[in-house]
K.L.:
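If you scroll down you'll find the structure; I have some questions about it.
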Amino acid sequence: MARIPEPVIEQVRDATDIVDFISQYVQLQKSGKNLFGLCPFHEERTPSFSVSEDKQIFHCFSCGRGGNVFKFLMELENLSFQEAVVKVADFSHVELDATITRQAAGTSGQSDPQSPTNQLIHLHQEATKLYHHILMNTEAGQPALDYLHERGLTDQTINDYGLGYASDQQLLKPFFEQRQIDYQTLRHSGLFIENQDGELRDRFVNRIMYPIRNESGQEIAFSGRLLAKLPDQPKYLNSPETELFNKRRVLFNFDQARGAVRKQGSLILFEGFMDVMSAHQSGVDNGVASMGTSLTEEQIYAIQRITKQVYVCYDGDTPGQKATQRALKILQDNSSLTLGVIQMPEGMDPDEYRRQYGEAKLADALATAKETPVAFMMRYLKTQYDVQSDTGRLNYLDDVIALLATVRSPVEQDVYLTQLATTFQLDKASLRQQLSMVRPPAPTPQIAPPPTQSYGNYGDADMPPAPAVVQQHRQTTPLSRTERAERNLLFRMLHERDVWLRVTGVAGFSFVHDDYQLIYTMAQGYFETHQDYAPAQFIDYLQDDHLQNLLIELESMQLSDTAVDTEIDDYLQVIMNDAPLEDQLRNQQQALQEATRLGDRDQQRQLVIEIIKLQQQKQSKKQA
């Protein structure tokens with residue numbers, strides 16, 4: 001496969017700011033020269049994922065991944081280099097020749113297209129197309145299409161989400177058999193049920209199909225809703241856990257909502273798929289839903305990477321209000337997110353509200369029916385007691401006062417105390433006195449390090465200060481004096497032209513370790529065609545993953561902007577003079593250990609003499 005021409009790669013890279021691109025996936029905050037966020041490649045409690053706007057590179061101090069904007073996308077979405085260039089070009093509105101996009105499409109991902117993972121993804125993509133075709137174009141799918149239209153979904157929304165229909169005719173298995181898909185691949189896909197004789201049949205029958213996608217927008221599972229009641233069949237049926245699908249990690253519509261979340265600065269957490277799609281049809285695109293279970297730490301972590309603000313918008317009925325309370329508690333205990341509630345009018349869920357009042361009214365409600373978690377909890381607690389009785393009223397007030405003790409803002413506390421005093425015709429001073437007697441609860445451990453979140457933190461004006469960034473360095477073997485000198489010198493040579501010219505003019509110079517010598521050799525070729533050094537560009541020039549990661553480590557070092565007078569001389573002394581002497585000394589010491597093991601006294605005596613001489617030479621060099 002021919003590579004994309006270098007001028008095209010440069011055009012795409014120059015048109016793209018890595019900060020803007022990565023901000024689609026990670027919420028970044030400025031700290032010093034760089035920006036930091038939670039790493040998208042592994043879960044962490046403190047932000048160690050760094051992005052350098054000056055150098056146009058990223059580096060995670062914890063897991064070690066690093067590179068330029070193309071490398072980021074290759075690592076995150078398992079793309080080939082060509083695919084990454086095309087996708088970044090699309091983001092930056094750079095038009096590419098059709099031959100380049102066709103070549104990229106043929107690369108089929110960074111890994112083997114026949115790998116088990118890619119085969120399973122391909123199966124789900126093909127199944128999505130088949131189910132969608134049955135829904136939109138066949139007589140068998142017409143009842144399901146009529147049902148969706150009756151629910152008020154437009155064909156555009158149906159297409160946007162790739163909705164489909166699995167009929168009772170068992171079409172999926174013969175569809176794949178005609179394409180000669182391996183039996184074991186079908187077994188592990190989650191799309192079929194296997195009987196005791198090893199025969200496969202379609203898992204989803206007579207169901208409207210909702211494709212479930214990963215963060216990259218690839219179909220990895222399905223949720224199927226029964227069109228007509230069947231005995232002993234659940235209303236909703238999800239794909240089982242597979243190599244692709246872990247429901248603890250997946251949020252419905254996360255891939256499509258991410259851009260809108262970034263623009264609007266907030267995410268809406270809905271209770272069901274239809275609510276998400278109703279909001280989308282109403283022009284509200286920052287909504288996601290969990291997979292029919294309580295929120296998990298993995299899902300919360302994914303949300304925290306892209307936003308600070310979450311609004312919970314669950315059903316307005318009693319079960320929905322209980323679910324809202326649980327969601328707030330889980331989010332509070334496991335995140336530093338700023339929380340809010342969207343309370344749908346008339347006890348409806350968002351989908352019901354749209355069907356009754358239309359898209360414009362739903363969009364207006366999602367924008368205006370917001371309340372603080374404290375206001376929600378005060379109203380929710382009120383439904384748990386008989387406030388018409390003295391006992392119920394006192395118990396309710398005790399719970400609310402304990403809730404207000406978690407609110408940090410005195411002004412906010414005063415607003416709620418005024419409401420309580422007015423509602424129950426009480427003396428506000430008495431309420432305040434009781435509040436002063438309640439000790440706030442101890443801080444709860446959280447995923448990220450900002451100050452403890454309370455139900456009172458709901459608006460930008462009450463946002464906690466940005467957390468101090470903690471760089472979590474991987475556990476690595478300490479560098480020798482020689483290797484530290486090599487790293488520092490190579491960094492100076494790449495960044496300072498006068499240092500490059502000076503060192504390359506030293507007769508017989510070479511780096512001690514092969515990796516640094518390889519980068520040095522590659523840099524010689526790079527500077528033959530490039531006048532200035534650009535880390536993001538040189539990374540692609542290296543190609544080798546190990547060398548690329550080593551370069552990222554060099555670029556992440558904290559060195560002064562320019563070398564001091566004697567710095568380069570010191571590095572050269574260590575590399576060209578001290579290093580060979582240390583190698584000799586190390587070899588002789590190893591030989592002495594072997595002679596001692598063998599009991600060769602003459603050899604031991606000779607080696608001791610040679611070691612003493614080498615140590616004397618080393619000492620004399622230090623004193624020189």
Side-chain angles (χ1 to χ4, degrees), residues 3-4 6 8-31 33-44 47-94 96 104 107-111 117 214-218 249 254-255 258-259 261-262 301-302 304-307 469 471-472 474 534-556:
R3 282 182 58 85
I4 298 176
E6 184 68 24
V8 175
I9 297 173
E10 286 304 302
Q11 180 188 8
V12 175
R13 186 188 292 111
D14 291 344
T16 307
D17 185 341
I18 192 172
V19 173
D20 289 339
F21 189 86
I22 291 181
S23 291
Q24 299 176 98
Y25 305 87
V26 180
Q27 181 185 188
L28 298 171
Q29 292 184 344
K30 189 79 172 178
S31 180
K33 289 185 177 181
N34 296 338
L35 296 97
F36 285 82
L38 296 174
C39 181
F41 302 113
H42 74 285
E43 293 184 12
E44 59 182 3
S48 61
F49 180 82
S50 168
V51 181
S52 170
E53 190 167 19
D54 292 340
K55 298 179 180 180
Q56 290 293 295
I57 60 175
F58 74 94
H59 180 222
C60 178
F61 291 96
S62 181
C63 72
R65 283 185 171 90
N68 57 18
V69 65
F70 304 133
K71 188 70 171 181
F72 175 83
L73 200 54
M74 290 167 66
E75 292 274 356
L76 189 67
E77 300 192 0
N78 192 35
L79 302 180
S80 68
F81 179 79
Q82 288 91 334
E83 287 175 304
V85 172
V86 169
K87 192 162 185 177
V88 174
D90 181 65
F91 171 82
S92 299
H93 307 292
V94 176
L96 300 179
T107 58
S108 300
Q110 183 179 359
S111 59
T117 298
N214 60 18
E215 288 192 32
S216 303
Q218 298 168 316
R249 297 181 176 274
F254 189 81
D255 62 309
R258 193 169 51 208
V261 169
R262 183 190 175 206
Y301 182 81
Q304 273 202 139
R305 282 197 287 106
I306 64 170
T307 189
V469 174
Q471 297 181 5
Q472 298 176 332
R474 291 173 296 157
Q537 184 183 64
F538 187 47
I539 286 169
D540 291 336
Y541 194 86
L542 291 177
Q543 296 186 20
D544 179 79
D545 286 344
H546 175 67
L547 295 182
Q548 289 179 342
N549 288 334
L550 183 55
L551 182 69
I552 291 296
E553 290 182 12
L554 295 181
E555 294 297 335
S556 301

K.L.:
Measure centre to centre between the rings of Phe61 and Phe49, then say whether the value is under 6.0 Å.
P.N.:
no
K.L.:
I'd like to know if the side chain of Gln56 and the backbone of Ala536 have a donor-acceptor N/O pair within less than 3.5 Å.
P.N.:
no
K.L.:
So how far is it from Phe58 CZ to Leu76 CG, rounded to the nearest 0.5 Å?
P.N.:
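Interatomic distance, Phe58 CZ to Leu76 CG, rounded to 0.5 Å: 9.0 Å.
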K.L.:
Taking all atoms of both residues into account, what is the closest heavy-atom pair of Met74 and Ser80, and its distance?
P.N.:
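For Met74 versus Ser80, the nearest heavy atoms are CG-O, 3.8 Å.
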K.L.:
Under a plain distance cut-off of 3.5 Å, with no hydrogens placed, do Gln27 and Gln304 share a side-chain donor-acceptor pair?
P.N.:
no
K.L.:
Test side chain to side chain contact (heavy atoms under 4.5 Å, CB included) on Leu96 and Val12 and set out the steps.
P.N.:
CA-CA 9 Å; Leu96 300 179; Val12 175; 4.1 Å; yes
K.L.:
Are any of the side-chain nitrogens in Arg249 or Glu43 under 4.0 Å away from the carboxylate oxygens of its partner?
P.N.:
yes
K.L.:
When rounded to the nearest 0.5 angstrom, what distance separates SG in Cys60 from NE2 in His42?
P.N.:
4.5 Å
K.L.:
Taking the side chain as every heavy atom from C-beta outward, state whether Ile9 and Phe70 have any atom pair closer than 4.5 Å.
P.N.:
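The answer is yes; the side chains approach within 4.5 Å.
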K.L.:
Less than 4.0 angstrom from a charged side-chain N to a carboxylate O is my criterion; do Arg65 and Asp545 meet it?
P.N.:
no
K.L.:
Less than 4.5 Å apart, side chain to side chain, heavy atoms only: is that true for Phe21 and Leu73?
P.N.:
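Contact flag for Phe21/Leu73 side chains = yes.
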K.L.:
Can a donor-acceptor pair be found, under 3.5 Å and without considering hydrogens, that links the side chain of Glu75 to the backbone of Phe72?
P.N.:
no
K.L.:
I need the Glu6 CD to Arg13 CZ distance, nearest 0.5 Å.
P.N.:
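These two atoms lie 6.5 Å from each other.
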K.L.:
Show the nearest heavy-atom pair for residues Ala15 and Val94, with the distance to one decimal.
P.N.:
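Looking at all heavy atoms of both residues, the shortest contact is CB-CG2, 3.6 Å.
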K.L.:
Between CG of Asn549 and CG of Leu554, what distance do you get to the nearest 0.5 Å?
P.N.:
11.0 Å
K.L.:
Less than 4.5 Å apart, side chain to side chain, heavy atoms only: is that true for Ile539 and Leu551?
P.N.:
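Counting from C-beta outward, Ile539 and Leu551 do come under 4.5 Å.
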K.L.:
Would you say the side chain of Phe81 lies within less than 4.5 Å of the side chain of Asp540, judging by non-hydrogen atoms?
P.N.:
yes
K.L.:
Below 30° counts as parallel, above 60° as perpendicular, anything between as tilted: where do the rings of Tyr541 and Phe538 land?
P.N.:
parallel
K.L.:
List the atom of Ile22, the atom of Val51, and the distance in Å for their closest heavy-atom pair.
P.N.:
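Scanning both residues completely, I find the closest heavy atoms to be CD1-CG2, 4.0 Å.
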K.L.:
Quick one, Phe36 and Lys30 - any side-chain contact, counting heavy atoms below 4.5 Å?
P.N.:
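Sidechains of Lys30 and Phe36: no contact.
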K.L.:
Looking only at heavy atoms, which two atoms of Ser216 and Glu77 are closest? And how far apart?
P.N.:
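Scanning both residues, the minimum pair turns out to be OG-CG, 3.0 Å.
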K.L.:
For Asp255, enumerate each residue passing the side chain to side chain contact (heavy atoms under 4.5 Å, CB included) test, keeping only those at least two apart in sequence or located in another chain.
P.N.:
Arg213
K.L.:
Salt-bridge test for Glu53 and Lys33: reply yes if a basic N is under 4.0 Å from a carboxylate O, no otherwise.
P.N.:
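No, Glu53 and Lys33 are not salt-bridged.
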K.L.:
Under 4.5 Å between any side-chain heavy atoms of Arg305 and Pro40, yes or no?
P.N.:
yes
K.L.:
If we ignore angles and hydrogens, is there a donor and acceptor under 3.5 Å between the side chains of His59 and Ser556?
P.N.:
yes
K.L.:
Keeping Glu44 on the side-chain end and Cys39 on the backbone end, is there a donor-acceptor pair under 3.5 Å?
P.N.:
yes
K.L.:
Carefully, step by step, assess Leu35 and Gln29 under the rule side chain to side chain contact (heavy atoms under 4.5 Å, CB included).
P.N.:
CA-CA 5 Å; Leu35 296 97; Gln29 292 184 344; over 6 Å; no
K.L.:
So Ser23 and Arg262, side chain to side chain contact (heavy atoms under 4.5 Å, CB included) or not? Walk me through it.
P.N.:
CA-CA 8 Å; Ser23 291; Arg262 183 190 175 206; 3.5 Å; yes
K.L.:
Under 3.5 Å, is there a donor-acceptor pair between the His546 and Gln548 side chains?
P.N.:
no
K.L.:
Where is the tightest heavy-atom contact between Gly66 and Lys71, given as atom of each residue plus distance?
P.N.:
O-CG, 3.5 Å
K.L.:
For Gly37 versus Leu28, what's the shortest heavy-atom pair and its separation?
P.N.:
N-CD2, 4.0 Å
K.L.:
CG/Leu550 to CG/Leu542 distance, rounded to the nearest 0.5 angstrom?
P.N.:
9.0 Å
K.L.:
Atom OH in Tyr25, atom CZ in Arg258: separation rounded to 0.5 Å?
P.N.:
4.5 Å
